[in-house]
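Basis for what follows: all heavy atoms, side chains included, without hydrogens, waters or symmetry-related copies. Within every chain, numbering begins at 1; the chains are lettered A, B, ... in the order of the sequence lines, protein sequences first and strands thereafter. The structure presented is a predicted model; accordingly, all values stated were derived computationally and were not measured.
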Protein chains: 2
Amino acid sequence: MKSEKPNLSAIAHTLGVSVATVSNALSGKGRVSTELAERIRDTARSLGYVPSVAGRALRTGRTGVLGLVLPDIANPLFPQIAQAIEQAASSAGYGVLIGDSRGAVEQQTQAILRLIDRGVDGIIVIPRRGTRISDIGCPVAVIDTPATPGNTVASDHWGGGEEMGRHLRELGHERVLILGGSPLSNVQSDRIGGLRAGLGSSVRAEVLWLEQHAETHGADAPLGLAAMVKDGVTAFAGLSDLTAVRALTELQAAGIAVPEAASVTGFDDLIWSSVITPSLTTLRMDMAEIARQAVQALVAVIAGLPQGRVTALGTVVADSNSVPMMLMLRQSSGPRAVDNRNVEGDEA
Amino acid sequence: MKSEKPNLSAIAHTLGVSVATVSNALSGKGRVSTELAERIRDTARSLGYVPSVAGRALRTGRTGVLGLVLPDIANPLFPQIAQAIEQAASSAGYGVLIGDSRGAVEQQTQAILRLIDRGVDGIIVIPRRGTRISDIGCPVAVIDTPATPGNTVASDHWGGGEEMGRHLRELGHERVLILGGSPLSNVQSDRIGGLRAGLGSSVRAEVLWLEQHAETHGADAPLGLAAMVKDGVTAFAGLSDLTAVRALTELQAAGIAVPEAASVTGFDDLIWSSVITPSLTTLRMDMAEIARQAVQALVAVIAGLPQGRVTALGTVVADSNSVPMMLMLRQSSGPRAVDNRNVEGDEA
DNA sequence: CTGAAAGCGCTTACAG
DNA sequence: CTGAAAGCGCTTACAG
């Protein structure tokens with residue numbers, strides 16, 4: 001027979017005790033006799049008691065909500081990130097309020113400010129390119145590259161790139177074209193550095209920056225990949241799956257067989273990379289782990305815990321922790337050195 | 001010289017007036033002399049006053065936060081939706097808390113309940129397939145199909161499908177394969193109905209359900225589209241861009257030229273459809289408009305306004321409002337009837 | 001036009 | 001171990 005939203009005083013009333021005692025029992029902090037505490041919990045449950053976030057927030061100054069600020073919600077990687085963060089936050093007892101830095105850099109500041117005004121306890125920021133998140137007057141955790149200063153969690157983009165580079169080298173590729181978006185991206189720089197290291201000095205690797213290409217040739221202009229194949233390039237390493245799929249379809253449309261004549265690889269394991277033909281070898285970030293660490297790092301700051309130390313709850317993340325990426329080997333990784341060589345001649 | 005978070009009483013203090021007056025002046029509701037009101041606003045601004053959401057929420061019972069529940073955050077359409085909702089909510093003065101119905105249907109209920117417990121003023125739900133959002137004890141707006149009962153906003157999927165069907169018919173296609181995911185999806189049913197209507201009775205159209213195909217042949221099994229082209233199919237209408245890209249790459253990998261030998265079209269205008277070669281003709285939902293209407297409809301319910309009526313703020317959304325889709329004509333729409341016929345013969 | 005007061009639901013010292 | 005009281009910041013009748 002539970003009526004409208006029961007509150008602490010309703011529970012106190014039905015049991016003939018004080019609200020203070022109810023509060024103490026429910027929070028488990030105050031010292032309440034185990035017997036009474038149990039009765040209180042039972043009543044709370046049967047009454048369908050849900051603590052008022054507003055009341056608690058007003059009193060404690062905490063809202064139990066984290067902000068998530070992304071460079072651009074429209075980014076195809078956003079679903080993976082948001083899902084992981086939502087999950088991690090949720091199991092840490094936090095809600096997630098979204099913010100969008102879309103467009104200009106000031107938008108990022110605006111988004112952060114709006115979230116702070118909304119009373120979030122802390123913010124997880126994936127910074128816009130070329131942006132550094134300094135002191136924003138609110139606990140913050142950043143997801144970027146391991147080199148990023150501050151309370152940062154990151155994928156090991158460099159290590160991932162290295163793995164991919166090694167993979168391509170072992171397949172026998174000797175000329176690789178790396179397809180990047182913007183040289184301003186820390187993430188992409190790391191991936192390129194890793195790729196180059198993994199490929200080694202014997203493999204020739206160049207970078208084609210799509211942003212630059214778009215400026216000179218127009219956004220929709222073909223990348224001229226077929227000519228590069230003719231020129232001896234046997235592998236195209238996209239710095240994201242989006243780029244990789246673009247390359248793949250351009251090659252296919254030009255009649256170049258993938259992976260027989262040219263390999264195409266990507267990054268991020270977006271859903272697309274697995275449904276296309278041939279599917280893409282790609283590197284997946286461990287978003288669940290990154291999100292978990294980011295939330296943990298943020299919660300540690302909120303709680304005022306010293307960072308970078310082991311606590312009862314596990315290791316509190318210190319500056320620049322990096323999470324390994326996972327190579328998703330798919331068919332498209334393709335050509336053994338020999339096959340590739342053979343077919344390449346035919347096709348070109 | 002502004003110190004820690006100023007509150008109403010800080011403003012009242014500096015001006016030697018009461019907090020009630022400050023509150024009234026700032027909210028614009030109470031009758032305060034214009035002159036004093038102005039001074040109050042000035043002081044508030046110079047002090048950097050930001051109202052406490054917790055205090056206000058506790059008093060008014062409103063948090064100024066909307067919940068957004070999605071069937072699966074990992075869905076590639078999520079970015080578009082989330083961005084539009086965030087934008088619309090933000091300009092209506094609301095924050096957006098995300099919820100994820102990922103996985104089972106009960107998750108949807110769980111997500112909704114969690115959001116309610118967090119004190120959201122209302123929830124925007126994009127229901128899982130085969131789910132109906134009934135009375136959830138909290139204002140709600142649904143984004144689904146126009147036929148969905150309740151406080152619903154929707155894209156005109158049927159109309160969009162019809163437009164696409166007409167487009168394909170006018171290009172001269174006589175056999176079309178529709179690529180769907182699941183027959184349980186209302187959205188997809190609408191799109192198919194529209195497609196069929198637009199194609200007319202002279203065009204032969206069949207549906208391949210990918211979910212079914214995956215069950216019988218395995219998730220990664222090729223769809224055998226090349227054989228269908230040989231069989232006379234000249235157009236593949238994906239019910240989503242994801243499906244369309246899958247079809248496109250499968251065709252290309254089989255050596256079938258798109259759009260010369262077969263057309264591929266999609267739905268949703270995901271970013272991928274514009275970067276691939278050839279780019280995809282697709283139908284874009286007017287997410288901004290849908291989001292605006294959904295937020296407006298939800299706010300109307302929250303405010304207790306009668307629905308389906310014209311108010312000072314514009315038309316309050318009634319049951320089942322539908323927003324037109326926009327055809328994005330791209331190169332891939334391709335073959336005129338004649339060209340298509342010609343090439344088809346060659347390729348098959 | 002302005003102000004004093006009550007109260008939203010909670011937690012936290014402080015008494016008892 | 002339990003309770004009375006204060007107060008977080010706000011808004012809203014109600015007086016004046």
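Between D:dG3 and A:S18, a contact under 4.0 Å exists linking OP1 or OP2 to a side-chain N or O. In terms of phosphate contacts, A:T60 brings no side-chain nitrogen or oxygen within less than 4.0 Å of OP1 or OP2 of C:dT11. Contact annotation: B:S33 reaches the phosphate of C:dT2 (side-chain N/O to OP1 or OP2, under 4.0 Å). The phosphate of C:dT11 (OP1 or OP2) has a side-chain N or O of A:S23 nearer than 4.0 angstrom.
Looking at A:D117 and A:R114, no side-chain N of the basic residue comes within less than 4.0 Å of a carboxylate O on the acidic one, giving no salt bridge.
Relative to the side chain of A:S52, the nucleotides D:dC1, C:dC10, C:dT11 differ in distance, and C:dC10 lies closest. Comparing C:dC8, D:dA4, C:dT11 against the side chain of B:R59 picks out C:dC8 as the nearest. Of the listed nucleotides (D:dT2, C:dG3, D:dC8), D:dT2 has the atom at the smallest distance from the side chain of A:L36. You'll find that the side chain of A:V32 is closest to D:dT2, out of D:dT2, C:dA5, D:dG3. In this structure, of C:dT2, D:dT12, D:dG9, it is D:dT12 that holds the atom nearest to the side chain of B:A20. Nearest to the side-chain atoms of B:N7 among the listed nucleotides D:dA4, D:dC10, C:dC8 stands D:dC10.
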_Let's go through B:Q83 and A:D100 carefully: what are the C-alpha distance in whole Å and the side-chain angles of both, what is the deciding distance for side-chain hydrogen bond (donor to acceptor under 3.5 Å, both in side chains) to 0.1 Å, and is it a yes or a no?_
CA-CA 7 Å; B:Q83 184 160 59; A:D100 191 356; 2.8 Å; yes
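In this structure, the separation between CG on B:N24 and CG on B:L8 is 10.0 Å, given to the nearest 0.5 Å. Between the OG1 atom in A:T152 and the CD1 atom in A:I143 there is a gap of 9.5 Å [rounded to 0.5 Å]. Note: A:Q108 CD to A:E106 CD = 10.5 Å, rounded to the nearest 0.5 Å.
The separation between B:L15 atom CG and C:dT2 atom C1' is 13 Å, rounded to whole Å. In this structure, A:I40 places its CD1 atom 13 Å from P of C:dC10, rounding to the nearest Å. Look at CZ on B:R39: it is 9 Å from P on C:dT2, rounded to the nearest Å. Between A:H13 atom NE2 and C:dG9 atom P the separation is 14 Å, expressed in whole Å. The interatomic distance linking A:Y49 (OH) with C:dG9 (P) rounds to 10 Å, in whole Å. Straight-line distance from the CG atom of B:L8 to the P atom of D:dC8: 13 Å, rounded to whole Å. Rounded to an integer number of Å, the gap from A:N24 CG to D:dC1 P is 11 Å. For the pair A:D117 CG and D:dG9 C1', the computed distance is 15 Å after rounding to whole Å.
For A:D121 (side chain) and A:R62 (main-chain N/O), no donor-acceptor pair under 3.5 Å exists by modelled atom type. The backbone N or O of B:G119 sits less than 3.5 Å from a side-chain atom of B:T63, completing a donor-acceptor pair.
Between the side chains of B:S46 and B:T43, no donor-acceptor pair of N or O atoms lies under 3.5 Å.
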*asked:* If a pair means Watson-Crick or G-U wobble with both distances below 3.5 Å, what does DNA chain C look like in dot-bracket form, with | marking bases paired to a different strand?
replied: |||.||||||||.|||
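Nearer the 5' end of DNA chain C, as judged by each residue's closest nucleotide, is the contact made by B:E35, out of B:L58 and B:E35.
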